[in-house]
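Count residues from 1 along the sequence. Worth knowing before you read on, the calculation uses all heavy atoms, side chains too, and leaves out hydrogens, waters and symmetry mates.
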Amino acid sequence: MMDSWATFGADLHLETTGAKGLRAGLMDALREAVRTGRLAPGTRLPSSRGLAADLGIARNTVAEAYAELVAEGWLTARQGSGTRVAQRAEPRRPATRTTRARAVRARPVHNLLGGSPDLSTFPRADWLKASRRALTAAPNDAFGYGDPRGRIELRTVLADYLARARGVYADPERIMICAGFVQALKLMGQVLRKRRVREVAVESYGLDVHWNLLSEAGLRLPCLPVDDLGARTGELAGLRGAGAVLMTPAHQFPTGVPLHPDRRAAAVDWARGTGGLILEDDYDGEFRYDRQPVGALQGLDPERVVHLGTTSKSLAPGLRLGWMVLPDSLVGEVSEAKGLSDWSSSALDQLTLAEFIESGAYDRHVRSMRLRYRHRRDQLVAALAERAPGVRISGIAAGLHAVLELPEGSEASVLRAAAWQGLALEGISRFRHPDATPARDALVIGYGTPTDSAWAGALDALCRVLP
């Protein structure tokens, strides 16, 4: 039987009929990855322990496969340097348009794109336990159409958790369960447009998928500049047509800075004075490594701030579970809009998340991931100091990504070099608002994305392309 495994950026198709078949299958898969260029010369492979854990096979099987490939000349192994792809002299062939196109479309060997957690760490066993308990205790009405706001069990647990962990004023009656942040923002766009809002200010750096959702609702998106203190909220008063602003105050994406206390106050003062709304994207709010996370902006004025949260970074985006904490005046309108779209999210998933949080498993998982991501960020900082001292890391020690400041004019050339190395990453220009003035060259490094076994190789490949 053949199994397909995706690890350290390469798809490995392994024969699973006995130890001998596994070893031979792994060797064939690695040879093919090297032969086709998916594993470039010099690429550092995961440790035998790490790869074995990723593939679910014995460590000895991986160690023996590595040893045989070293003997054959496909790999090299040195004390302190790990196992790497050998610098093999391949016959040069004239490149055709077809082979060039295939190379461009090839799957990256390493992935440092931001916006994703390490999916291999999803707490499957604890989630399964929570799901079983939730299903056993589920009332009969949980399998009906239910309330568009979501299951009361989850809303009640979330109200307690958000108040405790994020300083949010979160009455269960004000909470709306959504299919992730995207659905929440789409619903808010519809409601704002129905309220005759014509413009929603957005930060000068952010995600175009979010901007597009608001644009599709018929809203214009004036640009609010971002600097080292976060969004310049004092300039909201000059945006005469703006009836709302979308912000990431806890950890601005992608620049990585928190909103300064004076600017938090200025945003709330603007909302109170104009009757506007603040859409608070609590991006990475639970992951801060140098101090306790700053409380959510919503706590300053629950009637003027819509708090938007999700499990996409803390657990996994595939769960499609998020929430809105709404001002009292918006609950009815947003409930109606959600009822007209998909009515309600999966009841069983909601009940499972409620049980997962209430049992303490969610807190334990977040604490564990906080330590893991902090360690990776520390390793990134250390590697830069040793191998790329001219590159500075900016932003606070938080979240699942970091910004590397590059010499002026070098972003495009570094991205080209990364592509040749099979390294998927993005420059900060990818996230710049069309109306924003280009002001810096930088890379946005998603250190949360790789698996543990892939991280060392991805970090090594990154350092090779930095100026």
Side-chain angles (χ1 to χ4, degrees), residues 115-162 165-166 168 170-191 209-210 213 281-283 285-286 306-326 330-366 369:
S116 177
D118 179 351
L119 301 179
S120 70
T121 62
F122 183 79
R124 299 172 190 239
D126 286 339
W127 187 262
L128 182 58
K129 291 177 186 176
S131 178
R132 286 173 173 163
R133 289 194 295 264
L135 183 59
T136 300
N140 291 336
D141 67 1
F143 302 100
Y145 287 105
D147 189 328
R149 291 176 299 175
R151 292 296 305 178
I152 186 60
E153 295 91 340
L154 178 55
R155 289 189 283 124
T156 300
V157 169
L158 272 175
D160 176 70
Y161 173 79
L162 293 173
R166 302 296 300 123
V168 172
D171 186 288
E173 298 304 309
R174 293 171 174 244
I175 294 178
M176 174 80 61
I177 306 302
C178 303
F181 180 84
V182 166
Q183 187 188 34
L185 189 59
K186 188 172 183 179
L187 291 171
M188 284 307 307
Q190 294 171 10
V191 170
V209 64
H210 297 164
L213 287 172
D281 177 1
D282 198 34
Y283 194 89
E286 294 163 310
V306 178
H307 181 82
L308 306 168
T310 174
T311 60
S312 293
K313 304 297 180 292
S314 57
L315 285 171
L319 291 180
R320 306 315 304 144
L321 284 171
W323 50 84
M324 291 186 277
V325 184
L326 298 162
L330 276 175
V331 173
E333 294 171 71
V334 179
S335 295
E336 181 182 6
K338 190 168 190 298
L340 292 173
S341 60
D342 71 345
W343 191 258
S344 65
S345 305
S346 165
L348 182 55
D349 289 340
Q350 292 181 62
L351 292 172
T352 300
L353 179 59
E355 173 63 30
F356 193 75
I357 295 173
E358 193 166 28
S359 69
Y362 186 79
D363 285 282
R364 290 193 297 272
H365 178 71
V366 169
M369 298 312 297

Check: Asp281 and His210 side chains under 4.5 Å, non-hydrogen atoms: yes
Heavy-atom closest pair (Pro148 atom, Met176 atom, distance to 0.1 Å) is O-SD, 3.4 Å
Roughly how far, to the nearest 0.5 Å, is the CZ atom of Arg320 from the CZ atom of Phe181? 11.0 Å
Using the side chain to side chain contact (heavy atoms under 4.5 Å, CB included) rule, pick out the option among Ser346, Pro139, Ser345 that qualifies with Arg151. Pro139
Would you please name every residue forming a side-chain contact (heavy atoms from CB on, under 4.5 Å) with Glu358, sequence neighbours left out? Val157
Measure across Gly150 and Gln350 and return the closest heavy-atom pair with its distance rounded to 0.1 Å. CA-OE1, 3.2 Å
Just so I know, are the side chains of Lys313 and Met369 near enough to count as touching, which here means a heavy-atom distance under 4.5 Å? no
I need the minimum non-hydrogen distance between Tyr161 and Ile357, along with the two atoms involved. CB-CG2, 4.2 Å
Looking only at non-hydrogen atoms, find the nearest pair between Pro172 and Arg155 and report the distance. O-NH1, 2.9 Å
Considering only heavy atoms from C-beta outward, does the side chain of Arg149 approach that of Val331 to under 4.5 Å? yes
What distance do Leu319 atom CG and Thr311 atom OG1 have between them, rounded to the nearest 0.5 Å? 4.5 Å
Just how far is it from atom CD of Gln190 to atom CG of Leu340, taken to the nearest 0.5 Å? 8.5 Å
List the atom pairs, with distances to 0.1 Å, where a side-chain N or O of residues 122-138 and a protein N or O form a donor-acceptor pair under 3.5 Å, not counting sequence neighbours.
unit_1	atom_1	unit_2	atom_2	d
Arg133	NE	Glu355	OE2	2.7
Arg133	NH2	Glu355	OE2	3.4
Thr136	OG1	Arg132	O	2.8

Is there side-chain contact between Tyr283 and Leu308, with at least one heavy-atom pair below 4.5 Å? no
Quick one: salt bridge (charged side-chain N to carboxylate O under 4.0 Å, His left out) pairs with a partner in residues 179-189, sequence neighbours left out? none
Ring pair (Phe, Tyr, Trp, His ring centres under 6.0 Å) filter on His365, not counting sequence neighbours, yields none
Using side-chain contact (heavy atoms from CB on, under 4.5 Å) as the criterion, list what pairs up with Val366, not counting sequence neighbours. Glu286, Phe287, Ser314, Tyr362, Arg370
Heavy-atom closest pair (Leu315 atom, Pro117 atom, distance to 0.1 Å) is O-CG, 4.0 Å
Residue set satisfying side-chain contact (heavy atoms from CB on, under 4.5 Å) with Ala170, at least two apart, ordered chain then number -> Ala159, Leu162, Val168, Ile175, Val325
Measure the spacing between NZ of Lys338 and CG of Asp147 and express it to the nearest 0.5 Å. 9.0 Å
How close do Leu321 and Asp349 get, counting heavy atoms only, and between which atoms? CD1-O, 3.9 Å
If you apply the rule side-chain contact (heavy atoms from CB on, under 4.5 Å), what do you find for Leu158 with Ile177, and how did you get there? CA-CA 10 Å; Leu158 272 175; Ile177 306 302; 3.6 Å; yes
